[in-house]
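Along the sequence shown, residues are numbered consecutively beginning with 1.
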Amino acid sequence: MMIEIKQILKKEKYMDLLLKADPNEELVKKYLKNSEMYGLFKNNELLCEAVIIENRR
């Protein structure tokens with residue numbers, strides 16, 4: 001069993017999972033532009049993902 005955390009560069013590939021957390025596709029696409037995405041993979045299967053957005057105050 002191999003467990004890895006990897007950065008996801010093709011973010012829109014996982015849009016279906018992102019829309020489960022936020023169903024507003026327009027808003028999701030907007031925040032994906034200025035974010036980094038990481039996924040937890042087990043045997044190359046995505047188990048969860050995290051989208052990190054810089055807070056610019």
Side-chain angles (χ1 to χ4, degrees):
M1 169 176 47
M2 183 168 196
I3 297 177
E4 299 177 284
I5 296 174
K6 299 187 245 182
Q7 185 172 11
I8 298 172
L9 301 176
K10 296 180 181 179
K11 301 171 193 172
E12 293 204 13
K13 178 179 178 182
Y14 300 98
M15 183 62 73
D16 59 331
L17 186 56
L18 293 168
L19 291 174
K20 288 182 180 182
D22 184 345
N24 186 333
E25 187 170 352
E26 185 177 314
L27 188 60
V28 171
K29 286 181 178 181
K30 183 178 177 182
Y31 69 66
L32 282 181
K33 291 179 186 177
N34 299 312
S35 66
E36 292 183 24
M37 182 185 293
Y38 295 88
L40 176 68
F41 293 84
K42 179 179 176 183
N43 298 326
N44 291 320
E45 177 186 356
L46 180 65
L47 300 178
C48 69
E49 61 189 4
V51 177
I52 301 169
I53 304 167
E54 182 179 341
N55 187 357
R56 298 178 188 179
R57 290 184 181 189

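No more than 12 heavy-atom neighbours from other residues, nucleotides or ligands sit within 6.0 angstrom of CD on Glu45.
Summarising the geometry, atom CG belonging to Leu17 is positioned 10.5 Å from atom CG belonging to Leu47; distances are rounded to the nearest 0.5 Å. Distance CD/Glu49 to CD1/Ile5: 13.0 Å, rounded to 0.5 Å.
Annotation: side chain of Lys13 is not in contact with side chain of Ile8 (no heavy-atom distance under 4.5 Å). With a 4.5 Å cut-off on side-chain heavy atoms, Glu54 and Asn34 do not count as touching. Residues Glu12 and Val28 have side chains not in contact (no heavy-atom distance under 4.5 Å, counting atoms from C-beta outward). In this structure the side chain of Lys42 never reaches within 4.5 angstrom of the side chain of Leu40, judged on heavy atoms. Between Asn24 and Tyr31, every side-chain heavy-atom pair lies at or beyond the 4.5 Å cut-off. Residues Met15 and Leu32 are in side-chain contact: their nearest non-hydrogen atoms beyond the backbone lie under 4.5 Å apart.
The hydrophobic cluster containing Tyr14 does not contain Tyr38, counting ILVMFWY residues as joined when their side-chain heavy atoms lie under 4.5 angstrom apart, directly or transitively. Cluster annotation: Met37 and Leu46 are assigned to the same hydrophobic cluster (Ile/Leu/Val/Met/Phe/Trp/Tyr, side-chain heavy-atom contacts under 4.5 Å, transitive).
Classification of Lys30 and Glu26 as a salt-bridged pair fails, no side-chain N sitting under 4.0 Å from a carboxylate O.
In this structure, Phe41 and Lys6 approach most closely via the heavy-atom pair CD1-CE, 3.8 Å.
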